Amino acid sequence: MSKSNTWQRTHHCGALRPQDAGKTVVLNGWVASRRDHGGVIFANLRDRWGVTQVVFHPEQAELIAQAGNLKLESTVGLRGRVVKRPDNMVNPNMPTGGIEVAAEELVVYSEAKPLPFTIKDPPDALDETRLKYRYLDLRRPAMQKNMILRHKAAQAVRRYFDEKEFLEIETPFLMKSTPEGARDYLVPSRIYKGRFYALPQSPQTYKQLLMVSGFDRYFQIVRCFRDEDQRADRQPEFTQIDVEMSFVDEDAVFGVMEGLMARLFKEILGKEVPVPFLRLPYPEAMAKYGMDKPDLRFGMEIEDISGIASQTEFQVFKDAVASGGAVRGFNASGIGALSRKDADGLAEFVKTFGAKGLVTLQVQQDGIKTPISKFVSEGHLKRMAELYDAKPGDVIFMVAAEEKTCCAALGNLRNKIAADHKMIKPDDLSILWVVDFPLVEWDEQEKRFVAMHHPFTSPKPEDVPLMGSDPAKVRARAYDLVLNGAEIAGGSIRIHESGLQQKMFHLLGIDADTARRKFGYLMDAFQYGAPPHGGIAFGFDRLVAMLAGEDSIREVIAFPKTTSALSLMDGSPSEVDEVQLRELGIKLE
RNA sequence: GGGGUCGUAGUUCAACUUGGUUAGAGCGCCGGCCUGUCACGCCGGAGGUUGCGGGUUCGAGCCCCGUCGGCCCCGCCA
């Protein structure tokens, strides 16, 4: 059989069952394993559908010789007869374990060199090795499963929006660089030297313009680019489910998105998700959970005890309150005794969020054990314990700092304690809207207000008068969707009047000239009949990662980059020819 | 930009408290044996610029400085 001809398979490697016994079949696949017994030889053939055992019998000398030379991960074609295995040889761990294929003819399409690592789950290779040979890593069943799940989620999204009369419309990847937001990836223009396109951080302005065009109900599964530092859940390019609707308020957007989430969980995981979702105001989220993406799968709500704390003789507490900060904490109920080492570790942890230290109260049968007993009377300690409703076996964690630091330290500590003490049951689900975000926040470095969401987010109508007098108090018509403590979507009802948009730019310290130069097209568009509109964007990679039960979005992206934005496989970014640079009019320093 | 952690055979790891002879093991690879395994088994063998550069030392995988790279985190991410 010539190698140039690919045998056309009759079945894939996960298909055959005992009822197929007697059929002559052709399989194509990779040699996943080979077990040479000196006489009989077994091999497993793998493709993306499954694995099938092939058996070579010693009577066929030529075949046996071929099989004996089979290299792992070579691609082969195999013709043979399906044989039902005797009961004592059935492999119950394989879907195809009831049969094997007795080989009659074998062709090696491509012999594989020894692999840098074994194709198996979990991988026995480091991330670095996996990324360098990503095409091999993707052969692992777990990765294949993730890619299939991602595909299914994308198809479910498309079906859902299509049913709801949304239109999928593509928007440009080469667009105008905009101020605000993340650092842009720039693309030099060859025709106009010295000018640059930017890759979209999101199709935000385009989808708003599509609303002006009358394409009420738009969605797109679209790549976005942000040149910022990476994390387990952040890649330089990532995928959004981008959505926009006209003539809507928050309720209309929430309704459609809750339906989408329910559909995805049902189709992908077979799980029912109760709708509507809880709506938690931002100030409450910050006060109780210390963050705008709270995980409600466990309790340990944060309480402010600045009142009692300032009455104690503990200078750290008194100073914090006196200087306008707070003393807050939460009760890690039932975690039991805390070793010195654990306590030190947790203190180090909160320090990364700016806290100076961590105060612990260990409530025990015979009293309260705390490092601050020298400064705080027994009465005060008891009142604190009461305030946190603490019983023996509980540990109260407290941080004294300015409010922002209290939130960050305690909010993240709360998550860590829950994770460390395995407080989250596998099937628990926490899904909620966080609403009533501030429109802007003060940026100490830039000495100006910056948009908390983005500059096109509408303020609440009743708060518009405050834009001039007390901007920090203005609430936005913005919302985030939070799933198990991760922000998976964010959106808002937008500004659709050029006047209000100008006011917003003014508030952000963007002068009229700059606003016109950067966003003139949007403000112009709003003057020709703009519908009230709003929308949302999902982090599709994060969503898929959660559905797949993965901690890092790298596990659900076929070809991800490293935390330093390198592609270890193809070596990008790379230097380019001098000629290319000259054409673009670019000189390197 | 900052912090933590890691980098030793193709690969995953080890080499101890305190720098000291020839840097070890599993898997993989190569050779041999094996007719029912399914991570087959057994015997033997090859395989090393200890990421890279410099320094300290009689002597460095180990200590110091720099650099490159992986992962996690802070900042950043409208």
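What you see is a predicted model; the values in this text were computed from it and never measured. Here is the naming used below: chain letters follow the sequence lines, and residue numbers restart at 1 for every chain. In what follows, every heavy atom counts, from backbone to side chain, and hydrogens, waters and symmetry copies are set aside.
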Heavy atoms under 4.0 Å, any strand shown: does [X] hit a base, just sugar-phosphate, or nothing?
{"X": "A:Thr457", "answer": "nothing"}
{"X": "A:Asp124", "answer": "sugar-phosphate"}
{"X": "A:Ile41", "answer": "nothing"}
{"X": "A:Pro455", "answer": "base"}
{"X": "A:Asn88", "answer": "nothing"}
{"X": "A:Gln204", "answer": "base"}

A:Phe330 ring center within less than 6.0 Å of A:Phe397 ring center: yes
For [N], what is the paired nucleotide under Watson-Crick or G-U wobble rules, both distances under 3.5 Å?
{"N": "B:U22", "result": "none"}
{"N": "B:A60", "result": "none"}
{"N": "B:G69", "result": "B:C6"}
{"N": "B:C42", "result": "B:G32"}

Out of [options], which nucleotide sits closest to the side chain of [X]?
{"X": "A:Leu131", "options": "B:G1, B:A39, B:C71", "value": "B:C71"}
{"X": "A:Glu59", "options": "B:U35, B:G70, B:G36", "value": "B:U35"}
{"X": "A:Leu72", "options": "B:G36, B:C29, B:U11", "value": "B:C29"}
{"X": "A:Phe117", "options": "B:U11, B:C71, B:C38", "value": "B:U11"}
{"X": "A:His37", "options": "B:C77, B:C40, B:G70", "value": "B:C40"}
{"X": "A:Thr562", "options": "B:C71, B:C77, B:C73", "value": "B:C71"}
{"X": "A:Ala125", "options": "B:U12, B:G70, B:C73", "value": "B:U12"}
{"X": "A:Ser564", "options": "B:G70, B:U11, B:G36", "value": "B:G70"}

Decide, yes or no, whether a salt bridge links [X] with [Y] under the criterion of side-chain N to carboxylate O below 4.0 Å.
{"X": "A:Glu550", "Y": "A:Lys145", "answer": "no"}
{"X": "A:Lys518", "Y": "A:Glu180", "answer": "no"}
{"X": "A:Glu237", "Y": "A:Arg223", "answer": "yes"}

[X] [atom1] to [N] [atom2]: how many Å, rounded?
{"X": "A:Lys71", "N": "B:G10", "atom1": "NZ", "atom2": "C1'", "result": "15 Å"}
{"X": "A:Asn412", "N": "B:C72", "atom1": "CG", "atom2": "C1'", "result": "14 Å"}
{"X": "A:Glu73", "N": "B:C29", "atom1": "CD", "atom2": "P", "result": "11 Å"}
{"X": "A:Arg231", "N": "B:G75", "atom1": "CZ", "atom2": "C1'", "result": "8 Å"}
{"X": "A:Ile553", "N": "B:C77", "atom1": "CD1", "atom2": "P", "result": "17 Å"}
{"X": "A:Lys132", "N": "B:U12", "atom1": "NZ", "atom2": "P", "result": "11 Å"}
{"X": "A:Phe353", "N": "B:C72", "atom1": "CZ", "atom2": "P", "result": "15 Å"}
{"X": "A:Leu115", "N": "B:C30", "atom1": "CG", "atom2": "P", "result": "13 Å"}

On the side chain of [X], is there an atom forming a donor-acceptor pair with the base of [N] - under 3.5 Å, no angle test?
{"X": "A:Arg85", "N": "B:C38", "value": "yes"}
{"X": "A:Asp127", "N": "B:C71", "value": "no"}
{"X": "A:Arg130", "N": "B:G70", "value": "no"}
{"X": "A:Glu100", "N": "B:G36", "value": "yes"}
{"X": "A:Asp229", "N": "B:G75", "value": "yes"}
{"X": "A:Arg226", "N": "B:C77", "value": "no"}
{"X": "A:Arg234", "N": "B:C76", "value": "yes"}

How far, in whole Å, is [M] from [N] if one measures between their [atom1] atoms?
{"N": "B:G48", "M": "B:C43", "atom1": "P", "value": "25 Å"}
{"N": "B:A9", "M": "B:G45", "atom1": "C1'", "value": "15 Å"}
{"N": "B:G66", "M": "B:C71", "atom1": "P", "value": "23 Å"}

Does a nitrogen or oxygen in the side chain of [X] sit under 4.0 Å from OP1 or OP2 of [N]?
{"X": "A:Thr563", "N": "B:C71", "answer": "yes"}
{"X": "A:Thr118", "N": "B:U11", "answer": "no"}
{"X": "A:Arg35", "N": "B:U37", "answer": "no"}
{"X": "A:Lys120", "N": "B:U11", "answer": "no"}

Contact nearer the 5' end of RNA chain B, comparing A:Glu180 with A:Ala565: A:Ala565
Residue whose closest nucleotide on RNA chain B lies nearer the 5' end, A:Phe42 versus A:Leu126: A:Leu126
Would you say the side chains of [X] and [Y] form a donor-acceptor pair under 3.5 Å?
{"X": "A:Asp242", "Y": "A:Tyr218", "result": "yes"}
{"X": "A:Thr171", "Y": "A:Gln220", "result": "yes"}
{"X": "A:Glu62", "Y": "A:Gln66", "result": "no"}

From A:Thr52, A:Leu16, A:Thr96, residue fulfilling side-chain contact (heavy atoms from CB on, under 4.5 Å) relative to A:Val82: A:Leu16
Residue of the set A:Leu507, A:Leu466, A:Val440 for which side-chain contact (heavy atoms from CB on, under 4.5 Å) holds with A:Val474: A:Leu466
